[in-house]
Amino acid sequence: MIKFHPNTQLLEQHVLGALPASLSVAISAHLELCDDCCDTVAALEQRIGEQTFTDDAGEELTGSQELLDAQMSAMLSDITADTDVDDFAIQSAKRISVGDRNITLPRALSHVGMSRFVQAGKLARSRLELDEGSIRTSLLYIAPGGTIPEHTHTGFELTLLLDGTFTDEEGEYQPGDFIWLDHKHDHTPYTEEGCLCLAVVNSALHFNKGLSKLLNPIGELIY
């Protein structure tokens, strides 16, 4: 059962098309797994659509019906006069093999390029090809029995669990859980059975304890 979801503000920005591609992809992937958030988004789309065509008083936008009809007719004429044909095909879901698992990814990831997995111990990472400056998006696979040492975040970290389970100080996470963390959170992810996550970060991790502090200079290479 999914317990962690995007907040309403994030979903509203997603509906408005105001989020970076990485966050929109993550939310779209979550929506494929979460009926509750799909219902919320449908309600937001209806409300925002109604607001788009009404003014602050809730009245119809000014302009005569004749003018609106003429604009619609002109738009349809332009569309039907265009002889260019775009090829379109529904992309099949992408499957990946990592560790000993074959995993079907959400369709939201079907058109996103991905690098090969790079492995370090029980952690393997594939960077998604989204050119967004400081924002980095990756698929992270943690093998059974693997953990990431306790760390916090100098920016934000979004984790969408796609396969398997993991735990941290807040409890256990299931596929579809959408976990948003920032500098106020310290956690130590651990997975008994192995897991695959979609991770979006905009700054390096900061490791807090013991020898793991030696990883801080390369924290941005891990996620």
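Along the sequence shown, the residues carry numbers beginning at 1.
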Search all heavy atoms of Pro189 against all heavy atoms of Phe166 and return the closest pair with its distance.
CB-CD1, 4.0 Å

For atom CZ of Arg95, is the number of surrounding heavy atoms from other residues, nucleotides or ligands below 6.0 Å larger than 12?
yes

Value for CG (Asp163) from CG (Asn102), rounded to nearest 0.5 Å, stands at 10.5 Å

Chi angles and distances behind the side chain to side chain contact (heavy atoms under 4.5 Å, CB included) call for His30, Leu158:
CA-CA 12 Å; His30 173 75; Leu158 162 64; over 6 Å; no

For Ile148, the option from Asp168, Ile142, Thr191 that meets side chain to side chain contact (heavy atoms under 4.5 Å, CB included):
Ile142

Starting at CG of Asp177, measure out to CD of Glu170 and round the result to the nearest 0.5 Å.
12.5 Å

So how far is it from Met114 CE to Glu129 CD, rounded to the nearest 0.5 Å?
9.0 Å

Please check: side-chain N/O of Glu12 versus main-chain N/O of Leu44, any donor-acceptor pairing under 3.5 Å?
no

Heavy-atom pair with the smallest gap, counting every atom of Leu160 and Gly176:
CD1-O, 3.5 Å

Can you give each donor-acceptor pair under 3.5 Å made by side-chain atoms of residues 15-29, sequence neighbours left out, with the distance rounded to 0.1 Å?
residue : atom : partner : partner atom : Å
Ser22   : OG   : Glu132  : OE1          : 2.8
Ser28   : OG   : Ser24   : O            : 2.9

Could you go through Leu31 and His14, starting from their C-alpha distance and side-chain angles, then the distance that decides it, and tell me whether this counts as side chain to side chain contact (heavy atoms under 4.5 Å, CB included)?
CA-CA 11 Å; Leu31 293 175; His14 174 70; 4.0 Å; yes

CA sep, side-chain torsions, deciding dist, call: Leu196, Leu105, side chain to side chain contact (heavy atoms under 4.5 Å, CB included):
CA-CA 10 Å; Leu196 179 73; Leu105 299 178; 3.9 Å; yes

Tell me if the CD atom of Glu169 is crowded by more than 12 foreign heavy atoms within 6.0 Å.
yes

Counting distance only, does the side-chain N/O of Arg101 pair as donor-acceptor with the main-chain N or O of Gly194 below 3.5 Å?
yes

Hey, could you give me the CD1/CZ distance between Ile96 and Phe117, rounded to the nearest 0.5 Å?
4.0 Å

For the residue pair His5 and Cys37, what are the closest heavy atoms and their distance?
ND1-SG, 3.5 Å

Between the side chain of Lys3 and the main-chain N/O of Tyr173, is any donor-acceptor distance below 3.5 Å?
no

Looking only at heavy atoms, the pair that brings Pro6 and Phe178 closest together is N-CD2, 3.6 Å

Counting only N and O atoms by type, is there a donor-acceptor contact under 3.5 Å from the side chain of Gln119 to the main-chain atoms of Gly121?
yes

Is there a side chain to side chain contact (heavy atoms under 4.5 Å, CB included) between Leu140 and Thr159 once you walk through the steps?
CA-CA 9 Å; Leu140 292 178; Thr159 302; over 6 Å; no

Group every Ile, Leu, Val, Met, Phe, Trp and Tyr by side-chain heavy-atom contacts under 4.5 Å, then state whether Leu161 and Tyr190 land in the same group.
no

dist Ile135:CD1 -> Leu128:CG (nearest 0.5 Å) comes out at 13.0 Å

Please check if Leu198 and Ile103 belong to a single hydrophobic cluster, counting links between Ile, Leu, Val, Met, Phe, Trp and Tyr side chain heavy atoms closer than 4.5 Å.
yes

Looking at Leu162, Leu123, Val98, which hits side chain to side chain contact (heavy atoms under 4.5 Å, CB included) with Tyr141?
Val98

List in chain and number order the residues that pass side chain to side chain contact (heavy atoms under 4.5 Å, CB included) with Glu172, two or more places apart in sequence or in another chain; answer none if no residue qualifies.
Thr165, Thr167, Gln174

Are Arg127 and Ser138 close enough that some pair of their side-chain heavy atoms sits under 4.5 Å apart?
yes

The side chain to side chain contact (heavy atoms under 4.5 Å, CB included) partners of Asp35 (sequence neighbours excluded) come to none

Would you say the side-chain atoms of Asn202 pair up with the backbone N or O of Phe156, donor to acceptor, closer than 3.5 Å?
yes

I'd like to know if the side chain of Ser126 and the backbone of Leu139 have a donor-acceptor N/O pair within less than 3.5 Å.
no

